[in-house]
Structures are given as C-alpha cells and as structure tokens.
> 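Okay, here's the structure, questions in a sec.
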Amino acid sequence: MITRRHSLALGLAAIAFPLHSVATEAGIRGLGGAGDALGEGPYWSAAHKRLFWVNISGQTIYALDPQSGDLKTWKTPRPVCFLADRKSGGLIAGLSDGVYGFDPKSGAFTLLVQPEKRDDTRLNDGKVDAKGRLWTGTMDTKWKEKVGAFYRIDADLSVTKADGPYLCANGPTFSADGRTLWHTETYDKEVFAFDVAPDGALSNKRLFVKFDGDMGAPDGMTTDAQGGVWIAHYGGGRVSRYTPEGKLDFSIALPATQITSMAFGGAKLDHLYISSAAQFLPDTAPDKGVAGTLFEVSPARLRGHTGLPATPFAG
C-alpha cells in the first residue's frame with residue numbers, strides 16, 4: 001500500500017496502450033475492480049477454487065471463479081489488507097486492527113489476534129509460510145515515521161516481533177525450502193532477504209534489491225516454483241522477476257501504473273493475478289480507466305514459471 005505523499009513523490013509513468021489491446025495482444029486481461037482505490041492481496045485458494053483479492057480502502061473482499069466468471073463479494077467492518085485459508089476452516093483476514101477469522105458462508109469476522117494496539121498504525125501485507133505461520137507487517141497511517149514492525153504469528157496465536165522499525169512493511173514471500181524470507185520497506189524502496197531458522201527466527205538481514213529511477217517502489221511479492229522472486233512496482237507499471245541472487249530476469253508491463261501485488265493461481269498455478277490501485281490518480285492520467293483492475297497474465301507470458309501452493313494458517 002502507498003499513501004498519497006509517496007504516490008506523488010514517485011511520479012507516475014505514462015501508459016500508452018488501452019486495456020483491450022493488452023488483452024488481445026499481450027496475454028493480459030482485466031478481470032474486475034476497475035476504479036478500486038486500493039486493490040491488493042491476490043490469493044489463490046485451492047480449497048475454494050477461487051481467486052480472492054481485496055479493495056483495502058473500499059472494505060471489500062472479492063472471490064472470483066476465473067473459469068465461470070462467477071464473482072462473490074463481501075463488505076468488511078474495517079479496511080481489509082490480506083486473506084489466507086485457515087486449517088480449521090474458512091479463512092483469515094487481515095483487517096486494519098488485527099487478524100480475524102472469516103467465514104465466507106456467513107460473512108462473519110471473529111478477532112483472533114492484534115499484533116499491535118496503536119492508533120497510528122494498521123496491518124498491511126501478510127502471507128503464510130509452508131509451516132502454517134503467518135507473517136504480517138504494519139505501517140504508519142500518516143506516512144511520517146517508522147513506527148511499524150514485522151511480525152510472526154504462530155499456530156498458538158502467539159506474536160513475535162521479527163523485525164523493525166518500518167514505515168510501510170510490505171510483501172513477505174518465501175523460498176520453496178523455507179530457509180529464505182524476503183520483505184520490503186516500501187518507503188525506502190528496498191527489499192531485504194533474511195535467513196529463517198526452523199523455529200522462525202530471522203537472521204542475516206541483507207539488501208536484496210533497491211528500486212531507483214522509473215522503477216517506482218516495491219510493493220507485494222510472490223515466489224515461483226523455479227526459485228524466482230516477483231515484485232510489484234507501485235508507480236512503475238510492471239511486475240519483475242528476480243533470481244534468488246537479486247538479478248533482474250525480466251519484467252511484464254501492465255496497463256496500470258500503481259501495481260500493488262500478485263499471486264499465481266489456477267489449477268496448475270500457471271496464471272499470474274496482479275492487483276492495482278486507482279488512488280490519487282488525476283483525471284487526466286492515461287490509466288485512469290483501468291487503474292484498480294485485477295489483471296490475469298496467461299501462461300504464455302510467464303516463460304514456464306509456476307507458483308507454489310499456498311499453506312493454510314495453522315492457528
């Protein structure tokens with residue numbers, strides 16, 4: 001997630017092609033959400049066979065069956081940042097003030113844990129690792145100070161502060177063997193790598209990549225089954241794949257500038273779903289009509305890369 005101050009500072013790149021030409025010529029199509037202020041958190045649920053994503057500021061959860069086009073939506077009591085399946089049933093939802101159990105049948109939310117109890121921060125991005133632990137970070141809602149942090153939530157709902165401080169914690173993702181975790185400080189345009197011990201302790205924090213120039217700021221991330229790390233460029237109009245050593249492999253341009261996150265999905269985990277945001281764009285912005293859209297990138301554009309299956313939260 002990016003605030004207005006950071007969005008203006010980044011400078012938004014111009015997008016010259018309309019959505020329909022991308023959909024027919026580049027293997028990219030829009031699935032919904034156009035105009036959403038802050039589309040985020042794509043998540044493929046194998047249990048539900050649906051692609052979930054959220055509009056944070058719109059307090060909306062979406063669940064799409066890409067095959068049939070059937071779309072379900074739910075309103076949330078507070079801004080909603082991320083979703084994941086839950087081992088005991090249903091899903092978890094990261095709302096602004098904590099992690100909740102979410103029952104998609106009834107639409108009910110039940111508070112599970114609050115990593116922080118502050119008026120000046122909220123939860124931001126979050127993901128579950130292969131051991132069923134939830135990793136999530138917080139951000140300063142006023143975009144002024146590094147008062148946020150990065151947390152691990154274990155199956156017993158205990159909370160461990162794993163790293164900090166952060167102004168805008170974003171995009172955790174993990175290597176297939178679980179030994180490496182990548183995490184982002186969006187404000188500084190830096191992505192870090194950590195070593196992960198079996199008990200979840202982090203060590204050896206090092207810079208993985210730093211964005212500069214017209215790259216925008218790093219936002220959400222995911223890892224592919226071949227070891228690549230994918231990073232969303234907020235303000236840079238693309239997603240990029242990096243090798244585990246931090247070398248840029250290739251990028252895919254999108255018809256929206258403010259790209260927020262992505263996830264592999266579909267039965268073979270061979271489609272890439274990418275969220276975007278419309279917040280703060282002037283009416284004259286070239287991507288005004290498509291910003292906020294959730295995009296689907298076809299396997300033909302992904303050079304054979306596929307995703308890793310998501311693990312439900314164990315708590």
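None of the values given here were measured: they were computed from a predicted structure.
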> To the nearest 0.5 Å, tell me how far Gln114 CD sits from Leu123 CG.
9.0 Å
> Looking at Pro104 and Trp74, what are the two nearest heavy atoms and their distance?
O-NE1, 3.0 Å
> Is there a path of hydrophobic side-chain contacts, each under 4.5 Å between heavy atoms of I/L/V/M/F/W/Y residues, joining Val54 to Phe82?
no
> Which of these passes side-chain hydrogen bond (donor to acceptor under 3.5 Å, both in side chains) with Thr138: Glu116, Arg122, Arg118?
Glu116
> For atom NZ of Lys210, decide whether the heavy atoms of other residues, nucleotides or ligands shown that lie under 6.0 angstrom number more than 12.
yes
> With a cut-off of under 6.0 Å to the ring centre and 45° to the axis, is Arg133 in cation-pi contact with Phe313?
no
> Going hydrophobic residue to hydrophobic residue with side-chain gaps under 4.5 angstrom, can you get from Leu31 over to Leu71?
yes
> Would you indicate whether the side-chain heavy atoms of Arg303 and Phe250 approach each other to under 4.5 Å?
yes
> Would the distance check show the side chain of Asp65 and the main-chain N or O of Gly69 forming a donor-acceptor pair, the cut-off being under 3.5 Å?
no
> Nearest 0.5 Å please: distance from the NZ atom of Lys189 over to the SG atom of Cys168.
13.0 Å
> Start with the C-alpha distance between Thr136 and Asn124, add both sets of side-chain angles, then the distance that settles side chain to side chain contact (heavy atoms under 4.5 Å, CB included), and finish with yes or no.
CA-CA 7 Å; Thr136 185; Asn124 197 30; over 6 Å; no
> Run Leu308 and Leu269 through side chain to side chain contact (heavy atoms under 4.5 Å, CB included) and show every step you take.
CA-CA 7 Å; Leu308 294 166; Leu269 297 176; 5.9 Å; no
> For Ser261 and Pro42, which heavy atoms make the closest approach, and how far apart are they?
CB-CD, 3.7 Å
> Verify whether one side chain among Ser45 and Asp85 offers a donor that lies under 3.5 Å from an acceptor in the other.
yes
> Quick one: CZ on Phe174 to CH2 on Trp182, what's the gap to the nearest 0.5 Å?
10.5 Å
> Any luck finding a side-chain donor-acceptor pair between Lys131 and Thr311 under 3.5 Å?
no
> Sub-3.5 Å donor-acceptor pair from the side chain of Ser275 to the main-chain atoms of Leu294, do we have one?
no
> Kindly compute the distance separating OG (Ser251) from CZ (Arg241), expressed to the nearest 0.5 Å.
11.5 Å
> Indicate yes or no for a side-chain donor-acceptor contact from Asp36 to the backbone of Leu38 under 3.5 Å, with no hydrogens or angles considered.
no
> Do you know which two heavy atoms are closest between Gly289 and Ala34, and how far apart they sit?
O-CB, 3.8 Å
> If hydrophobic clusters are built from ILVMFWY residues whose side chains come within less than 4.5 Å, do Leu207 and Val196 share one?
yes
> Run the numbers on Asp287 and Thr257 for side chain to side chain donor-acceptor pair (under 3.5 Å), then give the verdict.
CA-CA 7 Å; Asp287 61 333; Thr257 52; 2.8 Å; yes
> Looking at His271 versus Phe264, is the centre-to-centre ring distance below 6.0 Å?
no
> Nearest heavy-atom pair of Ile252 and Arg301: which atoms, and what distance?
CG2-NH2, 3.6 Å
> In a check of ring pair (Phe, Tyr, Trp, His ring centres under 6.0 Å) between His183 and each of Tyr151, Trp135, Tyr166, which one passes?
Tyr166
> Apply side chain to side chain donor-acceptor pair (under 3.5 Å) to the pair Glu190 and Thr184, showing each step before the final yes or no.
CA-CA 6 Å; Glu190 294 177 336; Thr184 295; over 6 Å; no
> In this structure, is the centre-to-centre distance between the rings of Trp230 and Tyr242 below 6.0 Å?
no
> Taking Arg206 first and then Asp195, would you say they form a salt bridge - that is, a charged N and a carboxylate O separated by under 4.0 Å?
yes
> For residues Met221 and Val297: do they belong to one hydrophobic cluster (side chain heavy atoms under 4.5 Å, members Ile, Leu, Val, Met, Phe, Trp, Tyr)?
no
> Can you list every pair that meets ring pair (Phe, Tyr, Trp, His ring centres under 6.0 Å) and has a residue in residues 104-129, with sequence neighbours left out?
Phe102-Phe109
> Before giving the answer on side chain to side chain donor-acceptor pair (under 3.5 Å), spell out for Asp270 and Thr306 the whole-Å C-alpha distance, their side-chain angles and the decisive distance to 0.1 Å.
CA-CA 5 Å; Asp270 59 351; Thr306 56; over 6 Å; no
> Provide the closest heavy-atom pair for Asp125 versus Gly220 in the form atom of the first, atom of the second, distance.
OD2-CA, 3.8 Å
> Answer yes or no: is there a side-chain heavy-atom contact under 4.5 Å between Pro66 and Trp44?
yes
> Does Lys205 pair with Asp163 as a salt bridge, N-O distance under 4.0 Å?
yes
> Compile the donor-acceptor pairs under 3.5 Å between side chains in residues 88-100 and protein atoms, sequence neighbours left out, one pair per line.
{"unit_1": "Ser88", "atom_1": "OG", "unit_2": "Arg86", "atom_2": "NE", "d": "3.3"}
{"unit_1": "Asp97", "atom_1": "OD1", "unit_2": "Tyr100", "atom_2": "OH", "d": "3.1"}
{"unit_1": "Asp97", "atom_1": "OD2", "unit_2": "Arg78", "atom_2": "NE", "d": "3.4"}
{"unit_1": "Asp97", "atom_1": "OD2", "unit_2": "Tyr100", "atom_2": "OH", "d": "3.0"}
{"unit_1": "Tyr100", "atom_1": "OH", "unit_2": "Arg78", "atom_2": "NH1", "d": "3.3"}

> Can you confirm whether Asp154 sits close enough to Val159 that some side-chain heavy atom of one is under 4.5 Å from a side-chain heavy atom of the other?
no
> Under a 4.5 Å cut-off applied to non-hydrogen side-chain atoms, are Pro172 and Phe150 in contact?
yes
> In terms of side-chain heavy atoms, does Tyr187 have a donor or acceptor partner in Asn170 at a distance below 3.5 Å?
no
> Looking at Tyr273 and Gly266, what are the two nearest heavy atoms and their distance?
CE1-N, 4.2 Å
> With rounding to the nearest 0.5 Å, note down the distance linking CD1 in Ile259 to OG1 in Thr293.
9.5 Å
> For the residue pair Arg238 and Met215, establish whether any side-chain heavy-atom pair is separated by less than 4.5 Å.
yes
> Would you indicate whether the side-chain heavy atoms of Glu145 and Leu167 approach each other to under 4.5 Å?
no
> Would you say Thr73 and Ile61 make side-chain contact, with heavy atoms under 4.5 Å?
no
> Would you call Asp129 and Lys127 a salt bridge, using N to O less than 4.0 angstrom?
no
> Going through the checks in order, is the side chain to side chain contact (heavy atoms under 4.5 Å, CB included) test met by His233 and Ser240?
CA-CA 8 Å; His233 294 244; Ser240 293; 2.7 Å; yes
> Looking just at side-chain N and O atoms, do Thr260 and Asp219 make a donor-acceptor pair shorter than 3.5 Å?
no
> Under 3.5 Å, is there a donor-acceptor pair between the Ser68 and Asp70 side chains?
no
> Could you give the distance from NZ (Lys146) to CG (Asp188), rounded to the nearest 0.5 Å?
3.5 Å
> Look at the side chain of Gln258 and the backbone N and O of Gly235, then say whether any donor-acceptor pair between them is shorter than 3.5 Å.
no
> Side chain to side chain donor-acceptor pair (under 3.5 Å) between Thr60 and Lys75: does it pass, once the steps are laid out?
CA-CA 5 Å; Thr60 304; Lys75 299 301 289 186; 2.9 Å; yes
> Heavy-atom distance under 4.5 Å between the side chains of Val113 and Ile153, does that happen here?
yes
> Closer than 3.5 angstrom, by distance alone: can the side chain of Asp224 be matched with the main-chain N or O of Gly227 as a donor-acceptor pair?
yes
> Please answer: with hydrophobic residues joined when any side-chain heavy atoms are less than 4.5 Å apart, are Leu248 and Val239 in the same cluster?
no
